[in-house]
Amino acid sequence: LDIIHQEMGRLDGLVERLIELSRIESGRHAFEHKPVPIRAVVDEALAAFAAVRVGADVDLKVEVEDGLMVRGDRAALAQAVGNLLVNAWKYTGADKRIELTARHQGQRHVAITVADNGAGIPREEQRAVFDKFERGRAAIEGGQPGSGLGLAVVRAIVTAHGGKIDLESEPRHGSRFKIVLKQVTA
């Protein structure tokens, strides 16, 4: 009964994520559009990440420039950054090192980057990892649990905010996901 209960909870969560992704992609999700300090987004993402990795060792470095502000939905943007943190944590080896930075990119944009020292993603898989239900070969072979929705949700949230997400990765040298959003003033 415990196993059935756990599986029902997992399936319920999967259905909720699919419905949310569908709403975002179809433009039916109601995002707030107000000035949001990036520091607040990062703090919320870090709090959620701390709950996921309770008790697990990770070398986490965080650097956020002062005064960064974007227009959008704080909770949704925190979810996107949180998904990147969880992925970085899941796909790094025993020596988990993750860096989260938020900086000006030029004069008009903000770049939020999550980098890890994990297995990396081969070039031929890099586009597909943002598609629904797609997971990289290393994730599958490593036996990591997941539905292949996390990065699809990240891309949908970022796109809905007028931004873009980039991936730089090389096998055995980790991955670097960068969210780029337009900067605004308070």
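Counting all heavy atoms, side chain and backbone alike, A111 lies closest to K178 at CB-CD, 3.8 Å. Shown here for I98 and V114, the closest heavy-atom pair between the two residues is CG2-CG1, 4.1 Å. Here the shortest heavy-atom pairing between R71 and P35 reads NH1-CD, 3.6 Å.
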Worksheet item: Yes or no on side-chain contact (heavy atoms from CB on, under 4.5 Å) for Y91 and D116, after CA distance, side-chain angles and deciding distance?
Response: CA-CA 8 Å; Y91 300 117; D116 65 58; 5.6 Å; no
Item to complete: Let me see the working for L60 and V62 under side-chain contact (heavy atoms from CB on, under 4.5 Å), right down to the final yes or no.
Response: CA-CA 6 Å; L60 177 63; V62 179; 3.9 Å; yes
Worksheet entry | Intermediate values then yes/no, side-chain contact (heavy atoms from CB on, under 4.5 Å), F177 and L151 | CA-CA 10 Å; F177 290 86; L151 291 176; 3.9 Å; yes
Practice prompt. Before giving the answer on side-chain contact (heavy atoms from CB on, under 4.5 Å), spell out for V153 and I157 the whole-Å C-alpha distance, their side-chain angles and the decisive distance to 0.1 Å.
Written response: CA-CA 6 Å; V153 169; I157 290 170; 3.7 Å; yes
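Of the possible donor and acceptor atoms, one in the side chain of N83 sits under 3.5 Å from a partner among the backbone N and O of G150. Here the side chain of N117 pairs a donor or acceptor atom with the backbone of R97 at under 3.5 angstrom. A donor-acceptor pair under 3.5 Å links the side-chain atoms of K96 to the main chain of T92, judged by distance alone.
No side-chain heavy atom of L77 sits less than 4.5 Å from a side-chain heavy atom of I179. A 4.5 Å side-chain heavy-atom check between E65 and H104 finds at least one atom pair inside the cut-off. Residues F130 and L167 are in side-chain contact: their nearest non-hydrogen atoms beyond the backbone lie under 4.5 Å apart.
Here CG of L46 is found 6.0 Å from CG of L85. Values are rounded to the nearest 0.5 Å.
For residues 167-176, the pairs satisfying side-chain hydrogen bond (donor to acceptor under 3.5 Å, both in side chains) are S169-S175, with sequence neighbours left out.
Residues forming a side chain to side chain contact (heavy atoms under 4.5 Å, CB included) with D43 (at least two apart in sequence, or on another chain): R39. Residues satisfying the side chain to side chain contact (heavy atoms under 4.5 Å, CB included) criterion with T101, sequence neighbours excluded, are E63, R103, T113. Considering only residues two or more places apart in sequence or on other chains, D166 meets the side chain to side chain donor-acceptor pair (under 3.5 Å) condition with none of them. With sequence neighbours excluded, the residues forming a salt bridge (charged side-chain N to carboxylate O under 4.0 Å, His left out) with E44 are R74, listed by chain and number. Under the side chain to side chain contact (heavy atoms under 4.5 Å, CB included) criterion, D73 pairs with F31, E32, A75, A76, H161, sequence neighbours left out. Residues satisfying the side chain to side chain contact (heavy atoms under 4.5 Å, CB included) test with V110, not counting sequence neighbours, are I38, L68, V70, I112, Q183. Evaluation of the salt bridge (charged side-chain N to carboxylate O under 4.0 Å, His left out) rule for D66 yields no partner, not counting sequence neighbours.
When the side chains of ILVMFWY residues are joined at heavy-atom separations under 4.5 Å, either directly or via intervening members, V180 and V129 end up in two distinct hydrophobic clusters.
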